[in-house]
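Right, one structure below, let's go through it.
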Amino acid sequence: MIHLKPILLALIALFALSACASNPTKLNIMQINGFASPASDDGEFRGLEYLANPIKGDVKNRVNIFYLHGIGWTEDPNSDPLAKSFIAGIANAYGLDIAGNILSSRCGTKTETDDRVSNSIDITTGASPIYYQSIIPGAQLKLDKLVCLDRQTLRVDPTLEYVVYRAFWDEIFWDGIQDAHVGQDDAQGYSRGISELRRKYNRRLKDEMVNYGFSDAVMYLGAAGQEIRKAVKGAMCAAALDAAGQTFESQGTSISADYACAQASKNTLPSHPFAFVSESLGSKISFDVMREVMTDQKQTILDDMVAGSEIYMLANQIALLSLSDLTTTPVRKAEISTADRPRIIALSEINDFLSYEISPFFENLWARQYVPDGRERPEFTSTAREQLSQNLGFDFVDIRLEFADPIVGLINDFVDPLQAHSEHSAEPDVMTLLLCGAVNGKARKTACLATADEEIVN
């Protein structure tokens, strides 16, 4: 998750503006479009509350949510913890008071009032660390830890429970790889001598946009992306073990990604279903991980977790970052049945600089594909759309939103870029939509505990 508040502050200082909204924007759910047809406002998805199911011997409806962040210093002690507004949004939808460590804790930390270490586990490379060759011949960088994973439990009532597994990779990869490249120029610790020569807001912009921001994406699109995907797979397997009763405590303080997946795939244990939530760069990582799962010609616990699930992508970046996937070799088709295809629900604030809706991306790519001379350009019919979904392994729904507020002193036509990119879950009606789902392009307003007697905007 990129924390753009310092960037916004810098812009405000630059233009001598106030960050207060002149006329707060009322949430507008502009469209809920399904990719399956070219029609508008026909998208459907179940929603987290409808995904929650009991298992044999347990009457409680539960859904496990795997939450993956994007770029930025997610574990910055001066910023909100990962998924705070998301968890708070679920709680608020049901009128729950959950103030305390569930909203303030960070992965693997221990406080005087609550032991978070027992709620977490480290995912490692195993017995053999990864050694990367750097630009200096012979100078290597070592990586032996991949992810810190923790568990946050939100009990709505005796019959409904949400369990959020948060996967943190940013600080681990910073320490192992990024610090050696750009850490000499950030505003922390040993590098302050250089950074303090800059003007205040230029310094903050350099850190937030580049050092802790773009460097994540650049790193992911290179060789280290393979280890990030392995890290996420290992975290998913550790979460699957925990959800099935082999808790983090029983797994130990750390577990290798390979061993976690071997154990989870070998021991078929009953578990409540999984759903997935990603932010920003996390959307591309999630997409890539699931594509690998569906094309590796293996049947593992990861296939079971993905099958029939829903993936909620906040500010998805699939179109933009797919530029790195261009290849001269054929792309593998997914090996998954139509009934088991997971569904990607991509939420895009229309004013977000970094997000691109999925259906327009596929439609544009299809229209711009090379067609040899003498052949007719294929039409993008409903049949072609279905075949593309089957080949990729996903169904798709785009949710086009508008909620970012204008900035005083600039112009009304420019809205807060921080809010547009990273505050989807701060919108109560967006959270209710994710919990209750949509039917035929409209937010579900009945038969959902989260709506109660309230109406949600559509």
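These numbers come from a predicted model, not from an experiment. These values consider heavy atoms only, across backbone and side chains, with no hydrogens, waters or symmetry-generated copies.
- With contacts defined as side-chain heavy-atom distances shorter than 4.5 Å, the pair F45/L51 does not qualify.
- Taking the six-membered ring for Trp, H424 and F86 have ring centres at least 6.0 Å apart.
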Does the pair K230 and D258 meet the rule for a salt bridge (charged side-chain N to carboxylate O under 4.0 Å, His left out), with working shown?
CA-CA 8 Å; K230 181 178 180 178; D258 288 338; 3.5 Å; yes
Mind running side-chain hydrogen bond (donor to acceptor under 3.5 Å, both in side chains) on E279 and Y67 for me, showing each step along the way?
CA-CA 8 Å; E279 298 177 352; Y67 201 104; 2.6 Å; yes
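- Listed by chain and residue number, A319, L320 satisfy the side chain to side chain contact (heavy atoms under 4.5 Å, CB included) test with Y356 (two or more places apart in sequence, or in another chain).
- Side-chain contact between L433 and V430 is absent, with no heavy-atom pair separated by less than 4.5 Å.
- The two residues A315 and D352 have their closest heavy-atom pair at CB-OD2, 3.5 Å.
- Here Q152 contributes atom CD and I65 contributes atom CD1; the two are 12.0 Å apart, rounded to the nearest 0.5 Å.
- Within the 4.5 Å cutoff, no side-chain heavy atoms of L68 are placed close to those of V289.
- A donor-acceptor contact under 3.5 angstrom links the side chains of Q317 and S280, judged on distance only.
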Before you tell me yes or no, could you show the steps for V156 and L96 under side-chain contact (heavy atoms from CB on, under 4.5 Å), namely the whole-Å CA-CA distance, both residues' side-chain angles and the distance that decides it to 0.1 Å?
CA-CA 7 Å; V156 175; L96 303 177; 4.2 Å; yes
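- Ring geometry, F414 versus F353: the interplanar angle falls from 30° to 60°, so the pair is classed tilted.
- Nearest heavy atoms, L435 versus A450: CD1-CB, 3.8 Å.
- Atom-to-atom distance recorded for Q251:CD and L241:CG is 4.5 Å, nearest 0.5 angstrom.
- Contacts classified as salt bridge (charged side-chain N to carboxylate O under 4.0 Å, His left out) and involving residues 361-384 (residues at least two apart or in different chains) are given here: E363-R385.
- Taking every heavy atom of both residues into account, A426 and P428 meet most closely at O-CD, 3.3 Å.
- Between W169 and V147, the closest heavy-atom pair is CB-CG2, 4.0 Å.
- No hydrogens or angles considered: nothing links the side chains of Q178 and N211 as a donor-acceptor pair under 3.5 Å.
- Taking the salt bridge (Lys or Arg N to Asp or Glu O under 4.0 Å) definition, one finds that R341 meets it with E386, D395, sequence neighbours left out.
- Looking at E310 and R46, no side-chain N of the basic residue comes within less than 4.0 Å of a carboxylate O on the acidic one, giving no salt bridge.
- N119 CG to Y165 OH: the interatomic distance, rounded to the nearest 0.5 Å, is 9.5 Å.
- The minimum heavy-atom distance between N64 and A243, with the atom names listed, is ND2-CB, 3.6 Å.
- In this structure, N316 and I358 approach most closely via the heavy-atom pair OD1-CG1, 3.9 Å.
- The disulfide (SG to SG under 2.5 Å) pairs that include a residue from residues 209-238 are C237-C261, where partners are two or more places apart or lie in different chains.
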Intermediate values then yes/no, side-chain contact (heavy atoms from CB on, under 4.5 Å), R400 and S348
CA-CA 5 Å; R400 183 181 300 168; S348 304; 5.8 Å; no
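- When atom types are taken as modelled, the side chain of D216 and the backbone of G72 share a donor-acceptor pair closer than 3.5 angstrom.
- Side-chain N or O atoms of R444 include none that pairs as donor or acceptor with a backbone N or O of G437 at under 3.5 Å.
- Between I87 and S425 there is no side-chain heavy-atom pair separated by less than 4.5 Å.
- No hydrogens or angles considered: nothing links the side chains of S359 and N33 as a donor-acceptor pair under 3.5 Å.
- Side-chain contact between Y212 and D170 is absent, with no heavy atoms from C-beta onward closer than 4.5 Å.
- The environment of CD in Q226 is sparse: at most 12 heavy-atom neighbours from other residues, nucleotides or ligands sit within 6.0 Å.
- When side chains are defined from C-beta on, P54 does not count as touching V59, because their heavy atoms never get closer than 4.5 Å.
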Begin with the C-alpha distance, continue with both residues' side-chain angles, and end with the deciding distance and a verdict on salt bridge (charged side-chain N to carboxylate O under 4.0 Å, His left out) for K284 and D325.
CA-CA 11 Å; K284 184 63 167 70; D325 295 331; 2.8 Å; yes
Carefully, step by step, assess L434 and V277 under the rule side-chain contact (heavy atoms from CB on, under 4.5 Å).
CA-CA 10 Å; L434 297 188; V277 178; over 6 Å; no
Can I311 and F287 be said to form a side-chain contact (heavy atoms from CB on, under 4.5 Å), step by step?
CA-CA 9 Å; I311 306 105; F287 182 81; over 6 Å; no
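- Atom CD1 of residue I285 and atom NE2 of residue H69 lie 7.5 Å apart, to the nearest 0.5 angstrom.
- In this structure, F173 and L146 have side chains that are in contact, with non-hydrogen atoms separated by less than 4.5 Å.
- Between the side chain of E44 and the backbone N or O of N440 there is at least one donor-acceptor pair closer than 3.5 Å.
- Counting only distance, with no hydrogens or angles, the side chain of E171 and the backbone of T74 share no donor-acceptor pair below 3.5 Å.
- Of the inter-residue distances, the one linking S120 atom OG with R166 atom CZ reads 10.0 Å to the nearest 0.5 angstrom.
- Listed for the N92 side chain is a donor-acceptor partner under 3.5 Å among the backbone atoms of A88.
- In terms of modelled atom types and a separation under 3.5 Å, the side chain of D398 and the main chain of E357 share no donor-acceptor contact.
- In this structure, H272 contributes its side chain and V63 its backbone to no donor-acceptor pair below 3.5 Å.
- Between I318 and S322, the closest side-chain pair of non-hydrogen atoms falls below 4.5 Å.
- With sequence neighbours excluded, no residue forms a salt bridge (Lys or Arg N to Asp or Glu O under 4.0 Å) with E402.
- Distance CG/N61 to OH/Y162: 9.0 Å, rounded to 0.5 Å.
- Residues satisfying the ring-ring contact (aromatic ring centres under 6.0 Å, His included) test with F35, not counting sequence neighbours, are F362, F380, F396.
- Side-chain N/O atoms of D42 and S37 include a donor and acceptor closer than 3.5 Å.
- Under the 3.5 Å distance criterion, the side-chain polar atoms of E427 are left unmatched by any main-chain donor or acceptor of D429.
- With S283 contributing its side chain and S278 its backbone, the two residues share no donor-acceptor pair below 3.5 Å.
- Environment of OH in Y259: sparse, with no more than 12 heavy atoms of neighbouring residues, nucleotides or ligands closer than 6.0 Å.
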